[in-house]
Amino acid sequence: MDENKEIDVEKEIDSDESSKKDEKKSKKEKIEYLESQVAYWKNKYYEAYADMDNLRKHIEKDHAQVMKYRSQGFLEALLPSFDNFYNCFKFKPSDPTLAAYCKGFEMIYNQMSATLENEGVKEIVPSVGDKFDHTTMQAVEVVEGEEDDLVTTVQLKGYMLKDRLVRPAMVVVSKIKKEEKDETSSESQNSEDSKIN
């Protein structure tokens, strides 16, 4: 009987040892699993943090853009009044009373222009004879002239708000008459033919 007890005790010890090994193995697996979970969620946290940071930067950029051009709608609504002022100043009255009124209106116009300039508004006023620039001007009419793409008349000023074009300058542009082009090209062709012969 003592032998049976010894065998049972040995089995019990072996089973205890194997259960301890299983328990250690199971704990080790749990630790590895939990470490992988920590790494996974830590990665998810950093991804979410980066996404939020990118969103914050995007919103700040949009907000800066809105603040930079906040007065564009107001400027567009004000442009017809400025156009009327500009057109009125083209004509000089002979009556001294009307001339005094015009001088007063001109002072008001200059004050308003200075205020808009402080807000980043720039006038685009091409001179007669300037080369046509499609980025800041719009040709409203084409007339015959001595050269191509020269401004002959400025009908309306253009306006820029900081670096954005609000309205291009409305101009009349010159073009050489086609017959003259044909004559000049045929004359140059004849002169080249005579050089060859």
Side-chain angles (χ1 to χ4, degrees), residues 4-86 108-127 130-142 148-151 154-173:
N4 282 341
K5 276 188 179 180
E6 274 183 33
I7 293 174
D8 285 341
V9 170
E10 282 179 18
K11 284 182 183 178
E12 210 173 287
I13 290 172
D14 286 343
S15 69
D16 269 352
E17 285 178 11
S18 68
S19 69
K20 283 181 183 180
K21 284 181 184 178
D22 288 343
E23 193 175 305
K24 281 183 182 180
K25 188 177 180 183
S26 140
K27 283 183 181 180
K28 189 175 180 181
E29 287 174 358
K30 274 186 178 180
I31 289 171
E32 287 174 0
Y33 172 75
L34 291 174
E35 284 175 346
S36 71
Q37 286 294 305
V38 166
Y40 174 79
W41 289 109
K42 192 175 187 180
N43 188 37
K44 285 292 188 188
Y45 165 76
Y46 286 133
E47 285 177 10
Y49 183 82
D51 288 344
M52 287 300 294
D53 193 45
N54 289 339
L55 179 63
R56 179 188 55 78
K57 288 176 185 175
H58 185 71
I59 289 171
E60 285 175 358
K61 182 181 172 187
D62 285 350
H63 179 69
Q65 198 71 349
V66 165
M67 293 307 293
K68 185 176 181 180
Y69 301 112
R70 70 187 180 279
S71 58
Q72 184 171 349
F74 173 71
L75 177 62
E76 288 171 349
L78 195 61
L79 289 183
S81 300
F82 269 85
D83 294 339
N84 290 334
F85 270 120
Y86 182 67
I108 294 168
Y109 174 79
N110 290 336
Q111 286 177 334
M112 290 171 58
S113 292
T115 302
L116 289 176
E117 201 171 295
N118 289 338
E119 287 294 315
V121 176
K122 295 175 199 133
E123 290 182 343
I124 303 169
V125 188
S127 300
D130 285 351
K131 194 78 172 157
F132 177 73
D133 178 13
H134 71 278
T135 59
T136 58
M137 300 178 204
Q138 181 176 344
V140 293
E141 188 178 346
V142 177
D148 276 343
D149 297 331
L150 290 182
V151 175
V154 178
Q155 291 188 343
L156 290 176
K157 292 180 184 181
Y159 291 90
M160 289 193 75
L161 176 60
K162 299 194 180 4
D163 57 350
R164 182 182 285 178
L165 183 67
V166 176
R167 183 181 76 188
M170 305 296 176
V171 296
V172 177
V173 180

Got a donor-acceptor contact below 3.5 angstrom from the Arg167 side chain to the Lys157 backbone?
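The answer is yes, because a donor-acceptor pair under 3.5 Å joins these two groups.
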Backbone N/O of Glu119 and side chain of Lys162: donor-acceptor pair under 3.5 Å:
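Yes, the answer is positive, given that a donor and an acceptor are paired below the 3.5 Å cut-off.
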Of all heavy-atom pairs between [X] and [Y], which one has the smallest distance, and what is that distance?
| X | Y | value |
| --- | --- | --- |
| Met112 | Leu78 | CE-CD1, 4.3 Å |
| Pro168 | Gln138 | CG-OE1, 3.7 Å |
| Tyr86 | Gln155 | CE2-O, 4.5 Å |

Could you check whether any side-chain heavy atom of [X] comes within less than 4.5 Å of a side-chain heavy atom of [Y], counting everything from C-beta outward?
| X | Y | answer |
| --- | --- | --- |
| Arg56 | Asp53 | yes |
| Val173 | Leu150 | no |
| Val154 | Val172 | no |

Can you tell me how far the [atom1] atom of [X] sits from the [atom2] atom of [Y], to the nearest 0.5 Å?
| X | Y | atom1 | atom2 | result |
| --- | --- | --- | --- | --- |
| Phe85 | Ser113 | CZ | OG | 9.0 Å |
| Ser36 | Leu34 | OG | CG | 7.5 Å |
| Glu117 | Asn110 | CD | CG | 10.5 Å |
| Leu165 | Met160 | CG | CE | 5.5 Å |
| Arg70 | Met67 | CZ | CE | 5.0 Å |
| Lys68 | Leu161 | NZ | CG | 8.5 Å |

Pick one: which of Leu156, Val151, Asp130 meets side-chain contact (heavy atoms from CB on, under 4.5 Å) with Val171?
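Only one of Leu156, Val151, Asp130 forms a side-chain contact (heavy atoms from CB on, under 4.5 Å) with Val171, namely Val151.
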Side chains of Asp133 and Thr136: donor-acceptor distance under 3.5 Å anywhere?
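There is such a pair (donor and acceptor under 3.5 Å, judged by atom type) between the side chains of Asp133 and Thr136.
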Determine the interplanar angle of the Tyr159 and Phe82 rings, folded into 0 to 90°, and report it as parallel if under 30°, tilted if 30 to 60°, perpendicular if over 60°.
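Because their plane-to-plane angle is over 60°, the rings of Tyr159 and Phe82 count as perpendicular.
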